[in-house]
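Ligands are counted one by one from 1 in listed order, and the atoms in each one are counted from 1 as well.
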Amino acid sequence: MSISTVNPTSGKTEIIIDPHTPSEVDARITEAAAAAEILRNTEFAQRAEWMRAAAAILDDQAEGLGELITIEMGKPIAQSVAEVEKSAKAMRYYAEHSEAFLADVELDDPSTVNASRAWTRYEPLGVVLAVMPWNYPLWQVIRFAAPALMAGNAGLLKHASNVPQAALFLDTLFERAGFPKGSFRTLLIGGNSVASVIADPRVRAVTLTGSEPAGRSVAAVAGDHVKKAVLELGGSDPFIVLPSANVRAAATTAVRARINNNGQSCIAGKRFIVHTDVYDAFAAEFAKQMSELVVGNPLLPETQVGPVATEAGRQDLIDLVEDARERGATILTGGSVPDLPGWFYTPTVIADLPDDARLVQEEAFGPVASLYRATDADDAIRIANQTTFGLSSAVWTEDPAEEAYFVEKLDAGAVFVNGMTISYQELPFGGIKRSGFGRELAAVGQREFCNLKTVWKA
Ligand code: NAP
């Protein structure tokens, strides 16, 4: 894949960028390794000052950066600007909390281990490679970079090939804010050049957010070289509605959960599993609201759904919907390509999916929702847990016993009750099963890229 900006709203190629040569990549790894040595010897207060300065750059440029994000990957402009603001907030959060998150922990009674004192300390690993997706071109990177740099690591970014302008902005951001040269650099390389970077002895760990095939290949290389890996992969999150819930509110939130980011969020509600007693009411309201969404140019403030980010991504969506249609599923709304340039797809709701439809197992990365009728709570859990994914989930109920049952039984990295899944810097984020392993965000996400060193003293 070439490294280029193809505006998904027009389908036009705006910029093509030459990839880095192997010697340019090598020079950047050398710089990062040197920066890592400096960073591990700086105080938290110094790193925090630089991190706050980087956050201020984002705040200052929020409008322009938002526009750049929308041009490169097509999300509605208000969501792009919100992404910039959310990223700046996370940078300030780690500037403020990292010292406490990574503080030494003393063993209360060292005599139990025959010591006068025993404690643990968190130390940076060194250079960490981040392989990142295009769907949140800034937020996905910052939620790695802010905790990693605040812990004293240096970062290398291999961004998705369709967001090179975001990648180039990030290439200089931290240096502009005062961080030592090389603390965070972009590598303009394709996915096929990632293995040699992971293999480089100066690179100590890798984190990937993206699809399952990419995760599998990165984890295999990391395993070969016995290097730490964190994987944040796909999801096909269940959104469950039970009879005690406010069905209308659930339907309204379900629409937001499905179409946020033009439907291209790993933690979007994708499979809507509704108890048979309220199924018809939910289906009617949900399909009505999905059909009324304003689809169009994402730079216009009234637009609610912009294009799919790539032509190939839209084709995947078309294939999933046509497979369901051919197998006898019912299209309640949508299921077509609107008469617009670029890579648009009409917001779609599909019901009556047979078990062999691809949509039952596969992730729909765009504004396509699947509806399932559950006969009771056990049936809802069966449907929810039947995919190979386990990222997040949502359940709508006003019954405390039912809530406890679903919180326990859902096979996922998170459960949101009476709401939709959102990532918060304060909450650990990550999945189980084929949605990956490891966690991002909060204290636990920062500690993923530290050496937890145990110290014992006689
Ligand atoms: P993708 O194709 O896997 O791309 C993600 C990144 O991996 C890109 O930088 C890509 O580079 C790189 N890559 C692709 N194949 C690779 C390989 N074999 N070796 C090394 N790197 C490779 O993912 P996508 O389809 O663009 O993004 C959507 C997916 O990401 C969805 O499945 C979504 O659910 C998931 N996602 C997960 C999370 C989460 O936190 N769990 C968050 C956001 C998105 P190129 O662009 O150069 O191919």
Side-chain angles (χ1 to χ4, degrees), residues 1-6 8 17 19-20 72-75 83 129-144 156-164 166-167 170 186-199 206-222 224 229-237 260-270 308-317 320 362-366 387-392 412-414 421-423 427-441 445 448:
M1 190 199 281
S2 74
I3 300 178
S4 55
T5 300
V6 181
I17 293 188
H20 285 142
E72 287 208 299
M73 59 67 67
K75 80 178 71 181
E83 179 177 335
L129 171 68
V131 183
M132 289 290 147
W134 46 264
N135 62 341
Y136 292 91
L138 204 62
W139 166 245
Q140 291 290 351
V141 177
I142 294 299
R143 75 190 206 171
F144 154 72
L156 288 171
L157 168 66
K158 182 272 179 276
H159 216 328
S161 293
N162 58 326
V163 288
L170 288 157
T186 287
L187 305 177
L188 293 168
I189 54 174
N192 55 0
S193 303
V194 167
S196 61
V197 179
I198 298 172
V206 58
T207 179
L208 175 134
T209 299
S211 62
E212 192 185 322
R216 205 179 304 122
S217 111
V218 160
V221 179
D224 253 2
V230 168
L231 298 183
E232 300 286 358
L233 308 180
S236 190
D237 289 1
N260 186 41
N261 215 42
N262 302 338
Q264 303 161 113
S265 168
C266 51
I267 49 168
K270 295 183 182 125
V308 175
T310 63
E311 189 173 18
R314 183 177 66 171
Q315 191 56 49
D316 288 346
L317 216 52
L320 283 173
E362 295 179 37
E363 178 183 27
F365 218 53
T387 72
T388 53
F389 296 114
L391 193 52
S392 189
T421 302
I422 296 175
S423 59
L427 294 178
F429 183 105
I432 56 165
K433 293 159 73 179
R434 293 199 172 199
S435 291
F437 47 73
R439 289 292 179 268
E440 290 186 288
L441 300 175
E448 291 278 8

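A donor-acceptor pair under 3.5 Å is formed between the side chain of Lys158 and the backbone N or O of Ile189. Within the 3.5 Å criterion, the main-chain N or O of Leu188 finds a donor-acceptor partner in the side chain of His20. Looking at His159, its side chain never comes within 3.5 Å of a backbone N or O of Trp134 through a donor-acceptor pair. Within the 3.5 Å criterion, the main-chain N or O of Gly210 finds no donor-acceptor partner in the side chain of Glu232. Side-chain N or O atoms of Gln140 include none that pairs as donor or acceptor with a backbone N or O of Asn135 at under 3.5 Å.
A donor-acceptor pair shorter than 3.5 Å cannot be found between the side chains of Asn262 and Lys75. For the 3.5 Å distance criterion, the side chains of Ser236 and Glu363 fail to qualify, holding no donor opposite an acceptor.
Near His159, the atoms of ligand 1 lying under 4.0 angstrom from a non-hydrogen atom of the residue are 9 (O). Numbered from 1 in the order shown, with element, the atoms of ligand 1 that lie under 4.0 Å from a heavy atom of Val218 read 20 (C). Listed by number with element, the atoms of ligand 1 under 4.0 Å from a non-hydrogen atom of Trp134 are 24 (P), 26 (O), 27 (O). Residue Met132 approaches ligand 1 through these ligand atoms, each under 4.0 Å from one of its heavy atoms: 6 (C), 8 (C), 9 (O). Numbered from 1 in the order shown, with element, the atoms of ligand 1 that lie under 4.0 Å from a heavy atom of Leu391 read 41 (N). Which parts of ligand 1 touch Ser217 is read off a 4.0 Å heavy-atom cut-off, strictly below it: atoms 17 (C), 18 (N), 19 (N). Interface atoms of ligand 1 facing Asn135, defined by a heavy-atom separation under 4.0 Å, are 43 (C), 44 (C). The distance from ligand 1 to the heavy atoms of Val131 drops below 4.0 Å at these ligand atoms: 6 (C), 7 (O), 9 (O), 12 (C), 21 (N).
By the 4.5 Å heavy-atom criterion applied to side chains, Phe389 and Cys266 are not counted as neighbours. Inter-residue side-chain proximity for Pro137 and Met73 is flagged as met; some heavy-atom pair is nearer than 4.5 Å.
At a 4.0 Å cut-off, at least one heavy atom of Arg143 sits close enough to ligand 1 to count as contact. Residue contact check for ligand 1: Tyr136 places no non-hydrogen atom closer than 4.0 Å to it.
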### Query
Can you list the steps and then say if Leu138 with Leu170 is a side-chain contact (heavy atoms from CB on, under 4.5 Å)?
CA-CA 8 Å; Leu138 204 62; Leu170 288 157; 3.8 Å; yes
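Here Val194 has side-chain heavy atoms under 4.0 Å from ligand 1, and that is the only part of it that gets that close. Within the 4.0 Å heavy-atom criterion, the part of Glu363 lying near ligand 1 is the side chain and not the backbone.
Contact between Pro164 and Ile3 at its shortest, heavy atoms only, is CB-CG2, 3.7 Å.
Residue contacts with ligand 1: Gln140 is placed with no nitrogen or oxygen under 3.5 Å of a nitrogen or oxygen of the ligand (distance criterion only). The N/O atoms of Ser265, backbone and side chain alike, include none that comes under 3.5 Å of an N/O atom in ligand 1. Between Lys158 and ligand 1, at least one pair of N/O atoms sits closer than 3.5 Å. Annotation: Ser161 places an N or O atom under 3.5 Å from an N or O atom of ligand 1; distance criterion only.
Here the shortest heavy-atom distance to atom 14 (C) of ligand 1, taken over Cys266, Gly191, Ala214, belongs to Ala214.
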